[in-house]
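What follows is one structure encoded as structure tokens, with my remarks underneath.
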Number of protein chains: 2
Amino acid sequence: MVWTIDFRDKRPIYEQIVSGIEDEIINGLISPDEPLPSVRSLATDLSINPNTIQKAYRQLEADGYTYSVPGRGSFVKNTEGVREMKKKEVLRDLTDLIRRARELGVTEDEIKEAIKGDNGK
Amino acid sequence: MVWTIDFRDKRPIYEQIVSGIEDEIINGLISPDEPLPSVRSLATDLSINPNTIQKAYRQLEADGYTYSVPGRGSFVKNTEGVREMKKKEVLRDLTDLIRRARELGVTEDEIKEAIKGDNGK
DNA sequence: TATCTGTATTATTCGTCATAGTACAGTTGA
DNA sequence: TCAACTGTACTATGACGAATAATACAGATA
């Protein structure tokens with residue numbers, strides 16, 4: 001487990017779990033058809049209620065990241081397209097944010113600086 | 001009133017009001033020392049409870065956008081610096097989002113496209 | 001002085017989040 | 001076969017925030 005629960009975070013726990021596992025899937029830390037930790041074991045590891053984990057897993061399945069087999073476990077789906085979806089989502093957010101930046105009078109140079117200043121490459 | 005309440009929005013009503021009025025102030029639709037609509041009249045216009053408006057106005061004052069005078073009304077503050085604050089905030093969000101985009105494998109070209117594709121200038 | 005203004009307070013309703021406990025059916029390995 | 005795992009479902013409870021409702025008070029104003 002790379003991530004942890006942040007109790008000061010205003011987002012609900014189950015949501016933190018969802019996005020944490022989403023990231024693991026997208027970054028290939030869990031491969032397709034590999035099992036997620038079981039509801040009960042993850043609940044024990046994170047010291048939270050199993051029902052909360054179940055809610056997160058239900059969400060992950062609804063979002064198309066995983067599939068569940070009663071009696072066996074929850075598994076990572078074939079994530080062809082998922083990464084593409086996420087990329088499109090981020091690019092949409094990016095254009096929105098840049099529009100907002102322009103409305104505030106942020107200059108082109110400042111925008112370029114934000115892009116360059118990030119990776120230093 | 002330029003904006004309206006979106007009841008399907010997951011954000012609470014009072015927060016929508018805060019950011020709606022913030023935008024009006026930043027975009028100069030209400031000038032410094034101009035009065036905001038009164039708590040009761042805005043509540044009537046938006047068909048929501050006066051207490052909700054009061055909460056939003058309290059927030060706006062706490063955030064430094066307005067000042068209130070009991071018996072007279074709520075007024076827009078001199079917003080020197082507010083726009084600067086917002087710009088810095090947006091630029092921070094921008095670097096975060098671009099980092100996330102890179103992590104997803106978004107190319108430099110796609111990022112530049114998002115910037116250009118926006119204003120077409 | 002009537003009517004506007006902001007402000008404060010208490011009570012109630014509602015929905016979400018999280019926990020707790022229990023139960024059931026499918027799977028698996030010893 | 002069977003104990004121990006798996007996902008899943010259900011009800012109940014407590015905590016919390018959001019929103020509404022109903023008053024009340026003091027300052028400002030025409």
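The figures that follow rest on heavy atoms only: side chains count, while hydrogens, waters and symmetry mates do not. Every chain is numbered from 1 and lettered A, B, ... according to where its sequence line falls, protein lines coming before strand lines. Predicted model only: the values in this text are computed from it and were never measured.
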Among [options], the nucleotide that comes nearest once only the side chain of [X] is considered:
X: B:S38; options: D:dT8, D:dT20, C:dG6; result: C:dG6
X: B:Q54; options: C:dT5, C:dA8, D:dT8; result: C:dA8
X: A:S74; options: D:dT20, D:dG7, D:dA28; result: D:dG7
X: A:T52; options: C:dT7, C:dA18, D:dG7; result: C:dA18

Look at the side-chain N and O atoms of [X] and state whether any lies under 4.0 Å from the OP1 or OP2 oxygen of [N].
X: B:R58; N: C:dT7; value: no
X: A:Y14; N: C:dC17; value: yes
X: B:S68; N: C:dG6; value: no

_Donor-acceptor pair under 3.5 Å, B:R40 side chain vs C:dG6 base_ = yes
*State whether the distance check finds a donor on one side and an acceptor on the other, under 3.5 Å, for side chain A:N51 versus base C:dG21.*
yes
*Which sits closer to the 5' end of DNA chain C, A:N49 or A:V69, going by the nucleotide each is nearest to?*
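Closer to the 5' end of DNA chain C: A:N49.
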*Map A:E15 and B:Y57 onto DNA chain C by nearest heavy atom, then report which one ends up closer to the 5' terminus.*
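Going by which nucleotide is closer to the 5' end, it is B:Y57.
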*Check whether NZ of the Lys or CZ of the Arg B:K77 lies under 6.0 Å from the centre of the six-membered ring of B:Y67 and within 45 degrees of that ring's axis.*
no
_Using C1' atoms of five pairs at each end, report the bend of the helix from C:dT1-D:dA30 to C:dA30-D:dT1 rounded to 10 degrees._
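Roughly 10° between the end axes, to the nearest 10°.
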*asked:* With a 4.5 Å cut-off on side-chain heavy atoms, are B:I98 and B:I111 touching?
replied: yes
